[in-house]
Structure formats: structure tokens, C-alpha cells
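Here is how names work: the chains are called A, B, and so on, in the same order as the sequence lines, proteins then strands, and each is numbered from 1.
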2 protein chains.
Amino acid sequence: MGVTIKDVAREAGVSTATVSRVINNDNRITPATRQRVLRVVSRLNYKVNTIARSLKSKRSLTVGMVVPEIDNVFFMRVARGVEDHLGEKGYSMIVVNARESRLREEGAVELLLEKQVDGIIVVPSERDGSHLKMIHDAQAPVVLVDRLVEGFQSDAVLVDNEEATFHAMMDLIDAGRRNFGFIGGFREIFTAEERYRGFRRAIEERNVPLNPDHVCFGDYHMESGYDLMKRLMESRVPPETLMVANYFMHIGAIRYLSFYRHRVPPSLFIATFDNMEFSSVSGVPGLSIAQPIDEIGRQAAAMLLRRIEGDSSEWPRIQRLPTNIISHDTA
Amino acid sequence: MGVTIKDVAREAGVSTATVSRVINNDNRITPATRQRVLRVVSRLNYKVNTIARSLKSKRSLTVGMVVPEIDNVFFMRVARGVEDHLGEKGYSMIVVNARESRLREEGAVELLLEKQVDGIIVVPSERDGSHLKMIHDAQAPVVLVDRLVEGFQSDAVLVDNEEATFHAMMDLIDAGRRNFGFIGGFREIFTAEERYRGFRRAIEERNVPLNPDHVCFGDYHMESGYDLMKRLMESRVPPETLMVANYFMHIGAIRYLSFYRHRVPPSLFIATFDNMEFSSVSGVPGLSIAQPIDEIGRQAAAMLLRRIEGDSSEWPRIQRLPTNIISHDTA
DNA sequence: CTGAAAGCGCTTACAG
DNA sequence: CTGAAAGCGCTTACAG
């Protein structure tokens, strides 16, 4: 590459210390010298080497983020929120894809630690989080997002999945809806379990009948949403009020509907967790329990930066953000 | 943080040079010393500081990627391809969001350069790319993805949008389809222009009549796909064979269909660029011109690493990957 | 096969 | 206000 602080110093006839001070906006520098140095900086097109800077300052101004899937809109929306906030504060972000494996998640964290990131945001891939302890060992701040984890204490930002689902269900029940069905995620997934509990609790609270065959679990991906929707819709008495536990299973369900609309009971109503592009295109009435996705990311970033800056109050702090209900009518 | 190569050296009774050689798998080290060092490494839980390593070795083993939107599935699929390949080769990736602005793209590149990335992959936000020259100035390899740019020469990986669209159109025309419509992207967007040209060329080649009101342009986002679809479907004689120029506009179009299915001519057929989750749920017959999205990412990464490793043959190399046609029937 | 030593490009007490 | 100098944690010729 090339031009270093030394070159600038020589050209400007000052010491490297002075150049360093100028580029770091140290205020006890004569306007005159500052001008001179800056001119040379731009003439030589000098760019600071942040690697060298980090080695000295022990701060990389970089934050790591580990996600279970990198091409998942939900996680990337969170990442956008994170990046927005970090960008405002002069930090940047390394994203690593754990590909839904605890082992790769561990490798990702190790990599980030070796890269000397100042802190780590992780959306855990699996329920167990004991491997995350190495982040604490490295004394690096960490914030969990979307999911909590067993065997590992940490700050976290997420929503109250159980309460949100519970309240949506109560409203539906109290509005007179019956014949419920549930398309959930594997209960090993933290949010899937919470959402299922909310569903269940409302059913029990109001003592509403529930056909056990109408409760089924998939893997949070589109295909299983399709398959389970198919199974439910093709059962002898299909459910009429469906709670679908996440966005991707919901789009799988919509996909089924788009092919087999004639099989669908006219009274069908679909409630779903998450509200994104496709949440409203099912063509059947429904509602979405919307998470403040961007805000989750921003809050996680904000909390992490506070920890990085040394704030250690109220640890661990679990922040539950509010959801809200969006209803989808059809034309 | 803590334990450095010095601590390991002291504990193991060797020099730091030896420790360095062990952790870098230098082969001229006695198995005995190697063992001893390794034991101390794991006992002290030593982790290499890659910042220090990079400063010395002048290689960060990190690649930067600049995308126009970070929560865009298409770009993130490309990113997944990139990351997959990089991961295999021991590299990691910093993703920066240019938020569709040339200015922020420039800032992103500058940031990456300051972070001493070994190379940069950019999906350009805008048509002009003169600001990218600073990558060449910094002697860093760069690969463009998905779009070419004016005023900047570079390796690139993309598909032949014009040819792909042209051939799909020719097939449709030759299969007897008529009454065409086109929902395109702003022609300032590289791919939008190419796709429009392919459409146009087929129409002219076969001398097929085309109602100019049936050709319209939006911004590649869902909302404009919805709006344009609405406009077309509500025109006096709606088109019956539609070419939609990208995925997001297509989902906007599908959205319109899901609300106003009764307005849709029964003979409607929709061809679209890209094939992702939702490309097949329109409920009307159609086809997708599928780009090998992951492969685009992998190839871009591979080309970049080759350049990083010093291969400078056939520069600039524009690699056009093949597309293929997927047809969507309805049930 | 191993070590002493220089140096990567910065920052920052410490002096003055 | 500015500079000389040490040092961040590594790697790597150069010796031996």
C-alpha cells in the first residue's frame, strides 16, 4: 500500500506524534501546523491504518455479529438496525454466518475474538449457550438477540413472545373465533417454545376446545409451513383459526393457499408472528404480531456500545421490546 | 484482554519466535517443543491477536463487501455465496450497507480500505463508479457483482441480463403468446437497462405489436411492482403476457393479484427475473429467469482471492454466468 | 531446529 | 504546543 504517518510527518516537517494528533483531532495543535499537516495528508492521499491504530489503542471500533442464517430477512433486518446504530457511532460490523450450528457458532465467536472485536452480538442458533462463555472469558461485552440461551448469562434484547401470542389469542377467542390450529416451530427453538406457551395458555385460560391434531410443529422454514398447512387443510375438519409461529412458515402456508385455494374453508383466519413483505398477501383475513425488528437491532447495538464504553450497571439486562398487532383485511 | 505470545513463551521456556512458528504450523519445529508449546497454549487459553499479526504480515485475511441494501434477500444470498467460499479459504468478511447511495458507497469503501481488507467485493449502488478508483489507488483487488459501472474498470461476476431476457421472450413469442407488458426497473440501474433491452429486442426481432402503455418502469422495490401491476391490470385492455424485471417488483405484482384476483384476465402469464421463495406463488402460470445467485457470490469470492494471491492474468475479467428458465404451473 | 532482534504503523505518557 | 521514545503483539529474515 504505502503512505504512512511517517511520510506525512517528513513532508510536513513535523513529528509523527504531531501528525497522529492532527488526524485524531487533538485540540492542542496550532491551527497553522494542523493546516500544514492536513494539506500533506490530502496531497499524499494518506489513509490511517486502523490495524496499527487498534493494536496500540486496544480498540478495534468493530463489533461482531453472529447470525444463524445470513440470507434470512428477519436476521438481516436486525442486522440493519445494528449497523445503523453502529454507523452513527463510528463502529463497523463483521457478520458471520453460523449456519444454524452450535459448532460453527463457536467457531464464529472464536474468530471474532481473534479479530479483537470490541463486542459481540449473537442471535443464538441453538438452545444451549455454554460455548458462549468464552466471550466472557475474553472480557468482551456481548448481547444476545431474539433468543435466550441456557447455561449462559448475558444482556439480551428480544420481545415477549409468550405474552404477545397469549394476548393475540385472547383477543381472537373473545371475538368469538373457535376451531383453532397451531403451526409452530421446534420447541427447542427458544421463540418457538415461548410462542407455543402463549397459545396454549390462552386456550386453557378460556377453556376453549382444541383438536390435538391441529397442533403441529415444523422447523421455522418455508417448506415445513407448506407441509403443515397442507396437512391441516386436508384433515377431515380443517381448523378455521390458525396461529402460525413465524414468518417463513407463514409464507409456506400462503404458498399452499395459492395452489389450493379451493380447499380452504371460507371462514379461515390466519394469525402469524412477524410482519414483513409477505405477511399480508395470503388473501385470507388475518393478523400479524409485529416485532419492532429494526429497533431490536438498534437497541442491541446501543446496549453493546454502552457496555463497551464501560457501563456495567444492572447486568444482565434482559430487554423485552413491545410487539403490536397489525390486522389484515382482504379486498 | 490478556495472554500474549510472550506469556506462552515464558511458560513454555522458549522464545516468542518459536511460539509463533508453532501456531503458524512451521514445519521445522521439533515435535517435542511443538507439544510443549501447544500444551501451554491450551492451558493459558491463548488466542492469537490477528490485529498484531496483520500489522506485521500486511494481510488481514479479511475481505470487504459493499451492498446497496443489507436486508435485501438477493444481495444477502450473494453474500452467503461469498462467505461460503471465503470461509473455506480462511477469510472472513465485513459487510457494509451503502443504502443505495453513491456517497455512502464511497464512505464504505474508504472504511474498508482503512481496515486494511485484502480485497473488496462491491455490488454498485449507482451507475457511476468513478469513486471506486480509490480501490485501485490503494492497490487492493476488487470484484464487481451483479452490476457493471461507468468510469471504472474491474473484474466482475454477473449474468447476461439482456440475452437471458431476450431468449425467454423469444420462447414466449414463438409459443404464440401475445399482448405483452413490461414492468421494468429504472433504466439507470444497470440490470434494469439490460433486461429492458432484451425485452425490446425480442419484440422487434419478431415484429410483435406492443402497446406502449404496457411498458412501465419502477424502482425495483415491491411497492412500485404493486403500483405498476395495478396500473396495467386496470387499463382498458390489460396485457396478458407480462415480463417483470426483478424479484421485488414481482412480489409487489403478486400482492396486487392476491387482493384483486377478480380483475385478472384468465389468460395472464407472468415471466420474471430471479427465482426465489415467492417467485412461484402468484397463482398464475409463469416462468422465472433464475440467476445462480449463490454461485455468483462464490465465483466473485474465488476471483477476488485469486487476485489477492497475485494472479493478474486477463484483467479485467467479466464473467457472465448462465441463467436458466424455471416454469411455474398452477395446480 | 531455535533465538535475538528488528520492525509493521500507529498512539501516548513524559518532557520541555 | 511539539517531539523523542517506548511499546502494542506479532512475524521473519538472519545467525548459529
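- In the set C/dC10, D/dG3, D/dT12, D/dT12 carries the atom at the smallest distance from any side-chain atom of B/S20.
- Of the candidates D/dA4, C/dC10, D/dC8, the closest approach to any side-chain atom of A/Y46 belongs to C/dC10.
- The CZ-C1' distance, from B/R59 to C/dC8, rounds to 15 Å in whole Å.
- The side chain of A/R53 lies closest to C/dT11, out of D/dA4, C/dT11, D/dC10.
- The B/T16 side chain lies nearest to C/dA5 when the options are C/dA5, D/dA4, C/dT11.
- If you find the closest nucleotide of DNA chain D to A/T30 and to B/L55, the one lying nearer the 5' end belongs to A/T30.
- Paired with A/E69 under the rule side-chain contact (heavy atoms from CB on, under 4.5 Å), one option of A/R99, A/M76, A/E100 passes, and it is A/E100.
- Atom name C1', nucleotides C/dT12 and C/dG16: the rounded distance is 16 Å, in whole Å.
- Listed candidates were D/dA6, C/dT2, D/dG3. Nearest to the side chain of B/R28 is C/dT2.
- Candidate nucleotides C/dT11, D/dT11, D/dA4 were compared by shortest atom distance to the side chain of B/N24, and D/dT11 ranks first.
- Ranking C/dT11, D/dC10, C/dA5 by closeness to the B/A17 side chain, first place goes to C/dA5.
- For A/V14, whose side chain is taken as the heavy atoms from C-beta onward, the closest listed nucleotide among D/dT11, D/dG3, C/dC10 is D/dG3.
- The B/T33 side chain lies nearest to C/dC1 when the options are C/dA4, C/dC1, D/dC1.
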- Message: Is there a side-chain contact (heavy atoms from CB on, under 4.5 Å) between B/L38 and B/V22? Walk through the geometry before answering.
- Response: CA-CA 8 Å; B/L38 252 20; B/V22 169; 3.4 Å; yes
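- At C/dA4, none of the side-chain N or O atoms of B/S15 fall inside 4.0 Å of OP1 or OP2 (strictly under the cut-off).
- For the pair A/R21 CZ and C/dT11 P, the interatomic distance rounds to 11 Å; values are reported in whole Å.
- Between B/K56 and the phosphate of C/dG9, there is no side-chain N or O to OP1/OP2 separation shorter than 4.0 Å.
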